[in-house]
Amino acid sequence: MKCSKCGVDLKGGTAFCTNCGKKVENKVSSFQSNALVKGGRSVELNGSLEDSCDEAAKEKTNNFWEKMSLFEKIWAVSAALALVLLIVALCMQERLPLLFSVLQCGGMTVAILMHKHIIKNIKETIEYLILAVAVLISVLNIASYSWFKSVGVDSDDSAVVCTPYDAVSCKGKDKTVVRLDFESVGFFNITEKAIEDLDITEADKEGNVESVSINGVSNFDGNSEFNWLANVVITYHTFKRIEVPLSSEEIENMEADVVLTAFKEAGFTKITAETVYDLDLDKSKNPFENSVSIDGVENFIQKEKFPINANVKITTHLPYDKHTVDIIVDFVPNLIFSTYDVKLEIGEHVEKMKHGKDAEFSYKLKEGEYKITFYKSEDRSVSGTVELSVTGDTVASYKINCYSDRISVDTLYVENKGDVGKNEVMVPLSAADCKYKNYKEVEATFKKAGFTDISTKVLYDIVLGWTEEGEVEKVSINGDINFQRGEIVSKDAPVVIAYHMKEEDNPNATESSKTEATNNENTNPVFYSTNDYETAKKGNTGVFSYKNKSGSYDIYWIIDFDLGYVYNFTEGNDNPICDKVKIVSGDLNDRITVTWHDGDDQWTWYLHFKYVNHPVTLVVNDHYGFAYEFTTTDLGKALIARSKKEIVTY
C-alpha cells in the first residue's frame with residue numbers, strides 16, 4: 001500500500017503516512033475491513049484478501065510447529081525423509097534401498113502409535129529407541145545407493161561373469177543342474193518359471209529346461225559376458241495342473257467310493273485310500289467321516305488347481321470300539337495320620353474319593369494300555385500307579401493305602417473279557433472269596449461263568465455246630481487252591497468244591513463208627529497243621545500255617561507252639577527275609593502276643609482265630625490296630641517256602 005500524496009510504501013493498517021503525515025483512507029469492503037483475531041491480537045485486513053490469508057496461514061503453521069513436542073518434530077522430519085526415500089527406491093527399482101525404506105516406514109509408524117498410546121508401551125524409552133533406529137536406517141538407505149558402485153559393479157571387470165554354455169545347450173537339461181551351473185560361474189539373480197504342460201505319461205520330461213534368458217536375451221553363446229546381477233530366467237516343463245472336483249468340506253460326509261471316482265474322473269492318477277478307526281461317536285454325529293489330502297494340503301475349495309501327479313490320499317474315519325471299564329476301589333482308612341482325600345486319574349477322567357470310602361467308577365474307553373494314578377488331592381507328588389490293559393469289557397479291583405510319602409496300590413483282580421479265547425472262561429471268584437459261602441452259591445457262580453466240569457466234596461466234620469452246614473472249606477481249579485479272580489483257564493478245567501456237613505450225616509459211616517467218632521478224636525492231622533482237627537481247634541499246640549495274597553505276592557504266617565515262635569515272611573516279591581518272633585503268651589482261641597525287638601525299638605502284634613474253635617481263619621492285629629485276615633494253607637508247602645529264606649530273630 002502506498003501514500004496517495006508522496007508515494008511512500010506503507011504497512012497495512014497504517015492510519016497516517018509516516019513521510020508526509022497525510023491521512024490514509026482504506027477503500028475496502030466491509031468484509032475486508034473486519035479484524036482477524038488470532039493469538040490475542042487483531043490484524044486489520046487491508047490490501048488484497050490474499051495477502052491477509054497468507055499471513056494468517058503462516059502464523060497458524062508457526063503456532064502448530066511450536067506446539068509440537070521434540071519427539072513429534074523429529075518424527076515429522078524423519079517421516080518426510082522416509083517417504084521421499086521410499087518414492088526414490090520405487091522409481092529406481094533398487095531392492096536394498098526399498099527394503100530399508102519399508103523398514104524405516106514401519107519403525108516410524110510403530111513409534112508414533114506408541115507415542116499416541118494407541119500401542120501400549122511399558123517404557124517411554126522404547127518409542128525413542130524405535131525412532132532412533134528408524135533415523136539410522138535413513139542413513140543406511142542413502143548409503144546403499146553407492147554400495148554397488150563401491151564394489152565396482154558397473155565399472156570393474158570383477159562384476160562381469162561368463163555363461164557356462166550357450167542357450168541351445170541349456171534346453172533339455174534338468175533345471176536344477178542348469179541353475180547350479182549358472183550359480184557356479186557367479187550369476188546371482190536367478191529365477192525359475194514353470195510351463196505346466198506335461199501329461200502323466202511324460203514324467204521323464206518333468207523339470208527339463210525349455211529355455212534360458214539373461215536380461216531378456218534368449219540367444220547367447222557360451223562364455224558370453226554379463227553383469228553378475230543380470231536377471232537369469234530358467235523356463236522348464238512341469239505337470240499340468242487340474243481342478244479338484246470337490247471341496248474338502250463337501251468330502252467329509254460323502255461315501256469314500258464316490259470321492260474316489262470323482263478324483264479319478266478329474267484326472268488325478270496317484271490316489272490311495274485307507275480306513276482308520278479313530279472316530280469317537282460320543283463327539284461325532286456321523287457314523288463315518290472322510291478326509292482328503294492333496295500333497296499334504298487338507299483344506300481346499302472346489303476347482304482349486306493341483307498338479308496332475310499330486311498324491312491324493314483319501315482317508316475314511318470309522319468309529320472305534322469302546323469298552324465298559326469298571327474300576328472298584330477298596331480304600332483302606334487311616335485313623336490318625338495320612339487321612340487325606342485321593343484322586344483317581346485314568347486317561348482324561350479324574351475322580352475324587354473321600355478318605356477311607358470305597359468307590360466304584362465306570363467308563364467307556366477304547367482298546368489300549370492305560371495308567372491308573374491315585375494321588376493326594378492337594379499334592380500330586382504323593383501318588384501310586386498301576387497299569388491296566390483294556391482289550392474288551394473290563395472289571396478291575398484295587399486296594400489302596402495312604403502313607404505320608406506315597407499311596408500303595410494292590411491289584412485285587414482284573415477281569416478283561418477281551419482276553420478270553422475260544423473254549424476259555426474267566427474265574428469269577430478268588431479262592432478267598434469262596435470260603436464261608438454256601439457251596440450251592442459258589443457252584444452256581446462257576447456254572448454261570450461257563451465252567452463245565454464242577455464237582456463237590458463233602459467234609460463230614462461238623463461236630464459241635466460251630467460251622468454252618470454247606471459252608472465252603474476250599475475250592476480248587478486244576479488242583480490250584482490259591483487262584484485269583486480274573487484268571488483265564490480252560491472251560492473244562494476241573495473245579496472241586498469242598499464243603500462242611502455234620503459228621504453224623506455221613507452216609508458211609510456205620511452206627512458204631514458214628515459213635516466212635518463222637519467219643520474219640522480223629523487222629524489224622526489236617527493239611528494246615530501238625531494237629532488233627534479237634535486238637536487244632538484248641539489253638540495252643542502243634543504247628544499252624546496261614547496265607548493271604550497281597551497284590552502280586554503272598555504273605556505267610558507259621559505259628560509253631562512246639563518251639564514257641566511265630567514266623568512271618570512273603571513270597572513273590574523277592575524279599576529274602578523271614579521274621580522269627582517269640583510267642584510271649586496266650587492261645588489262638590483268645591490271642592497270642594508276639595513282640596519284635598529291634599535295638600531300642602519294639603512293637604507288639606496279636607494273633608487269634610476269627611471264631612473260637614474255628615482254626616480255618618487267622619486274624620492278625622498290628623501295632624496300629626489294623627486287622628488282617630489269613631486263611632489256612634498247606635503246611636508242607638509253607639515250610640518249603642520258609643526254608644529258602646534267611647531267618648532273622650527279633
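FYI, side chains are in, hydrogens and waters are out, and symmetry mates aren't considered; it's all heavy atoms of this structure.
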Using a 3.5 Å cut-off and no angle test, enumerate the donor-acceptor pairs between side-chain atoms of residues 323-335 and protein atoms at least two apart in sequence or in another chain.
from, atom 1, to, atom 2, distance (Å)
T324, OG1, K364, NZ, 3.0
D326, OD1, S362, OG, 2.7
N334, ND2, F337, O, 3.4
N334, ND2, S338, O, 3.1
N334, ND2, C402, O, 2.9

ask   = Can you list the steps and then say if T316 with N290 is a side chain to side chain donor-acceptor pair (under 3.5 Å)?
value = CA-CA 5 Å; T316 300; N290 285 311; 2.7 Å; yes
note = With sequence neighbours left out, the residues meeting salt bridge (charged side-chain N to carboxylate O under 4.0 Å, His left out) with K354 are D341
message = Suppose we screen for ring pair (Phe, Tyr, Trp, His ring centres under 6.0 Å). Which residues come up paired with F569, at least two apart in sequence or across chains?
response = Y556
key: E443/K440 salt bridge by N-O under 4.0 Å criterion   = no
Under 3.5 Å, which donor-acceptor pairs link side chains of residues 591-601 to any protein atom two or more places apart or in another chain?
from, atom 1, to, atom 2, distance (Å)
T595, OG1, T604, OG1, 2.9
W596, NE1, D579, OD2, 3.3
H597, ND1, Q602, OE1, 3.3

request  = Just say parallel, tilted or perpendicular for the rings of Y363 and H349, cut-offs at 30° and 60°.
outcome  = tilted
ask   = Can you say whether the rings of F268 and F263 are parallel (under 30°), tilted (30 to 60°) or perpendicular (over 60°)?
value = tilted
message = Can a side-chain donor-acceptor contact be found between K538 and N589 if the only test is distance below 3.5 angstrom?
response = no
key: Plane angle bin for F544 and Y546 - parallel if under 30°, tilted between 30 and 60°, otherwise perpendicular   = parallel
query = Is the number of heavy atoms from other residues, nucleotides or ligands within 6.0 Å of OH (Y628) greater than 12?
reply = yes
message = Over 60° means perpendicular and under 30° means parallel, so tell me whether F300 and F306 are parallel, tilted or perpendicular.
response = perpendicular
R485 bridged to E415 by N-O distance under 4.0 Å = yes
query = With sequence neighbours excluded, what pairs up with E367 under the salt bridge (charged side-chain N to carboxylate O under 4.0 Å, His left out) test?
reply = none
remark   = When every non-hydrogen atom of P428 is compared with those of F451, the smallest separation belongs to CD-CE1, 3.9 Å
message = So, taking the atom named CD in E471 and the one named OH in Y499, what distance separates them when rounded to the nearest 0.5 Å?
response = 13.0 Å
key: K580 to Y565 six-membered ring, cation-pi geometry met (6.0 Å, 45°)   = yes
note = Residues passing the salt bridge (charged side-chain N to carboxylate O under 4.0 Å, His left out) test with E469, sequence neighbours excluded, are K502
key: Shortest non-hydrogen contact from K645 toward C578   = CB-CB, 3.7 Å
request  = Taking all heavy atoms of F374 and all of I407, pick out the closest pair and write down the distance.
outcome  = O-CD1, 3.7 Å
inquiry  = Using the rule given for side-chain contact (heavy atoms from CB on, under 4.5 Å), can you reason through I454 versus I497, listing the C-alpha separation, both sets of side-chain angles and the distance that settles it, and then say yes or no?
reply    = CA-CA 8 Å; I454 303 174; I497 304 172; 4.0 Å; yes
